[in-house]
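In what follows, a structure is listed as structure tokens, so that the remarks can point back to it.
The shown structure was predicted, so the numbers you read here are calculated from the model rather than taken from an experiment. Letters A, B, ... mirror the listed sequences (proteins, then strands); counts begin at 1.
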Number of protein chains: 2
Amino acid sequence: MAISQEISYRLERLILDGGLAPGQKIPSERQLAARLSVSRAVIREALHELQGRGVIETRHGKGSFVASIVPNTDAMGEPGPLMHLFEGHPRTLYDLLEVREQLEGQAAFLAAQRATSIDKHRITKAFKALEDTDPLSNARPDHGFHLAIVEASHNPVLVHVLNSLKNMMLMTVQASVANLNPREEMRKKIVRQHRQLYEAVMEGKPAVAQKVATAHVRFVSEAMRNMEKEGSKVIRMPVPGDIPARDSLQNPH
Amino acid sequence: MAISQEISYRLERLILDGGLAPGQKIPSERQLAARLSVSRAVIREALHELQGRGVIETRHGKGSFVASIVPNTDAMGEPGPLMHLFEGHPRTLYDLLEVREQLEGQAAFLAAQRATSIDKHRITKAFKALEDTDPLSNARPDHGFHLAIVEASHNPVLVHVLNSLKNMMLMTVQASVANLNPREEMRKKIVRQHRQLYEAVMEGKPAVAQKVATAHVRFVSEAMRNMEKEGSKVIRMPVPGDIPARDSLQNPH
DNA sequence: ATTAAAAACTGGTCTGACCAGTGTCCAGTG
DNA sequence: CACTGGACACTGGTCAGACCAGTTTTTAAT
């Protein structure tokens with residue numbers, strides 16, 4: 001194996017095993033090169049590898065620093081090996097929505113087909129909560145409504161996959177409702193879509209439910225696209241310097 | 001932003017957006033350096049970054065190659081977040097196929113819509129391998145054919161999700177082809193379905209491709225259901241120490 | 001035609017130089 | 001005295017050319 005890779009592994013293990021804390025500065029390239037008796041080039045290559053892996057961040061004139069490790073582990077679903085796809089690639093968001101469009105439609109279809117009276121009760125409850133809520137803070141009800149429908153599909157695999165996708169979205173996007181609702185026309189359209197979806201599921205019309213749900217996701221997706229064109233930042237990228245405050249631990253002056 | 005990062009970004013977008021297909025060779029470092037008017041060093045740094053991100057693989061003396069998207073990263077021994085769903089619930093297999101039906105259809109749709117000439121070449125190659133193979137041992141070609149189509153969709157999220165589902169299936173089911181092919185009528189039907197799918201994708205008929213792919217999965221699913229009724233064991237419970245070859249995706253050599 | 005050596009690729013490493021940001025520290029200024 | 005400015009000593013970023021080490025292709029001898 002190449003030297004640069006051995007070094008990148010050694011450094012990564014050093015970091016992950018706790019030898020170096022997030023935000024902490026890594027020795028300079030020249031120091032590492034001297035210390036490990038290799039050229040500066042291989043050090044730089046090793047560091048770039050770690051950089052690509054998100055383990056460190058490098059700032060011109062300052063040095064390289066251990067990146068804050070993904071704060072996962074919370075009750076939410078796995079951060080996933082997919083996360084790296086997002087870094088700097090807004091397009092992936094739309095890939096994601098493209099898939100969601102399909103699955104959300106299927107969920108609606110199955111829900112309309114299989115929902116039991118208990119499911120329907122839950123869906124109704126969630127729907128009313130959605131209607132009664134202040135548009136400004138209705139991210140949670142919105143989620144709850146869709147979740148109720150997905151669960152009514154009685155397909156655990158579907159539930160899991162959609163849940164994963166949603167978690168991935170939450171990590172990259174400001175909640176869509178929070179972005180879209182402020183615009184009155186859009187808000188009204190979304191409310192109508194929700195109502196149509198609700199009714200189709202309750203009345204047991206799978207084909208209609210699927211169509212409405214698919215259209216709903218597509219609508220949201222395109223709305224985001226437009227907003228992006230208008231300059232609003234939809235994607236939230238990891239920005240250097242976004243890893244603040246930890247430096248204070250480090251520089252004793 | 002540093003030049004090396006701009007380059008790595010450009011290359012990655014090129015790859016994800018379909019300019020370069022998995023397994024394909026990337027121009028040599030010296031060529032890239034000359035073409036982009038930068039030193040070889042920055043090219044190497046950019047490539048190391050992509051390497052760290054798992055986008056490419058480099059082999060001494062041969063060159064750098066686009067990695068099969070979503071190869072592993074979480075691989076090796078991970079039981080997987082979903083595995084617990086299966087324990088003692090054969091039904092989940094059909095839930096899984098239900099979802100796959102939808103996604104495989106979408107993949108076919110997108111592939112028919114977006115496949116580049118390179119994609120088409122790979123698909124054709126996989127298809128011919130499928131036709132030329134002894135039905136008894138054609139689990140791999142079958143997999144390769146479907147994978148080629150999915151990757152031609154140029155939606156990394158879709159690739160990842162389907163790959164996850166497929167891994168789950170491999171852990172629970174004897175490869176469907178191995179079960180189904182012995183029955184001559186079924187084998188013929190499946191071969192015809194494959195051919196239809198192939199032609200629809202190659203001729204750029206998204207709607208047809210989607211329909212055929214969906215029908216194909218459904219057919220396999222129902223065939224399994226029937227076999228189960230007849231007493232054949234389809235489900236294979238996960239056994240410790242089983243964890244079969246996840247590397248099934250890895251290509252090029 | 002077969003085979004073995006040679007040449008022409010590929011990536012991997014080294015060296016030493018210079019450019020470009022950042023922070024420090026000290027002299028000269030008000 | 002406080003303050004500003006600039007030299008200087010860091011940091012990473014880029015460049016050039018050389019050579020080593022695998023791989024493939026071409027060539028030449030059998």
Side-chain angles (χ1 to χ4, degrees), chain A residues 1-12 14-15 20 22-67 88 238-253, chain B residues 1-12 15 20 23-67 251-253:
Chain A
M1 180 179 284
I3 298 181
S4 65
Q5 300 195 10
E6 285 179 14
I7 292 181
S8 86
Y9 282 141
R10 277 177 60 180
L11 286 178
E12 182 171 11
L14 204 65
I15 291 171
L20 299 170
Q24 187 170 356
K25 186 177 172 183
I26 289 177
S28 78
E29 296 175 354
R30 287 171 178 87
Q31 283 177 32
L32 284 173
R35 186 86 182 70
L36 302 177
S37 306
V38 295
S39 77
R40 204 183 137 206
V42 309
I43 295 292
R44 285 184 61 76
E45 287 162 11
L47 292 183
H48 274 84
E49 226 164 286
L50 294 181
Q51 209 172 326
R53 216 172 302 173
V55 178
I56 67 171
E57 288 182 4
T58 298
R59 292 194 281 271
H60 190 166
K62 292 189 169 180
S64 291
F65 304 83
V66 178
V239 181
D242 201 352
I243 309 163
R246 281 221 161 94
D247 297 45
S248 43
L249 297 181
Q250 172 55 19
N251 294 330
H253 284 47
Chain B
M1 182 183 275
I3 297 181
S4 66
Q5 301 197 8
E6 286 179 12
I7 292 180
S8 85
Y9 180 89
R10 278 176 59 180
L11 284 178
E12 183 169 11
I15 292 171
L20 299 170
Q24 186 174 354
K25 187 177 172 183
I26 288 176
S28 77
E29 297 175 353
R30 288 170 177 87
Q31 283 178 32
L32 284 174
R35 183 87 180 69
L36 302 177
S37 305
V38 296
S39 77
R40 207 182 135 206
V42 307
I43 296 292
R44 283 184 62 76
E45 286 162 11
L47 292 182
H48 273 85
E49 216 165 304
L50 294 180
Q51 209 172 327
R53 220 172 296 177
V55 178
I56 67 172
E57 288 178 3
T58 298
R59 288 193 282 278
H60 190 166
K62 293 190 169 180
S64 291
F65 303 81
V66 178
N251 45 343
H253 267 316

In whole Å, I'd like the distance from the NE2 atom of A:H48 to the C1' atom of D:dG13. 8 Å

Where the side chain of A:R30 is defined as all heavy atoms beyond and including C-beta, which of D:dT14, D:dT11, D:dC19 is the nearest nucleotide? D:dT11

With the side chain counted from C-beta on, respond yes when A:M1 and A:Y9 share a heavy-atom pair under 4.5 Å apart, and no when they do not. yes

B:E29 has an atom CD; how far is it from atom C1' of C:dG12, in whole Å? 8 Å

Side-chain N or O of B:T58 closer than 4.0 Å to phosphate OP1/OP2 of C:dG11: no

Over all heavy atoms of both residues, which pair between A:L50 and A:S8 is shortest? Give the atoms and the distance, please. CD2-O, 3.4 Å

Contacts of B:T58 meeting side chain to side chain donor-acceptor pair (under 3.5 Å) (sequence neighbours excluded), chain-then-number -> B:S64

Any side-chain heavy-atom pair from A:I3 and A:L36 closer than 4.5 angstrom? no

Within residues 32-44 of chain A, the residues having a heavy atom closer than 4.0 Å to DNA chain C are A:V38, A:S39, A:R40, A:V42

Looking at every heavy atom in both A:G54 and A:A67, which two are closest together, and how far apart are they? O-CB, 3.5 Å

Passing candidate, side chain to side chain contact (heavy atoms under 4.5 Å, CB included) with B:V55, options B:E57, B:Q51, B:R53: B:R53

Expressed in angstrom and rounded to an integer, what is the separation of B:E6 atom CD from D:dT14 atom C1'? 13 Å

Across the strands shown, which category fits A:I3 at heavy-atom distances under 4.0 angstrom: base, sugar-phosphate, nothing? sugar-phosphate

Hits for salt bridge (charged side-chain N to carboxylate O under 4.0 Å, His left out) against B:R40, two or more places apart or cross-chain, chain-then-number order -> B:E29

Roughly, in whole Å, what's the span from CZ in B:F65 to P in D:dT23? 11 Å

Between D:dG12 (C1') and A:L50 (CG): distance, integer Å: 16 Å

Can you tell me how far C1' of D:dA9 sits from NZ of A:K62, to the nearest Å? 17 Å

To the nearest Å, how far apart are B:H60 NE2 and D:dT24 C1'? 13 Å

From the options C:dT13, D:dT14, C:dG11, select the nucleotide whose nearest atom is closest to the side chain of B:E45. D:dT14

For a quick check of understanding: with a heavy-atom distance under 4.0 Å over all strands, which category does A:Q31 fall into, base, sugar-phosphate or nothing? sugar-phosphate

Taking CD1 from B:I26 and C1' from C:dT10, how many angstroms apart are they, rounded to a whole number? 14 Å

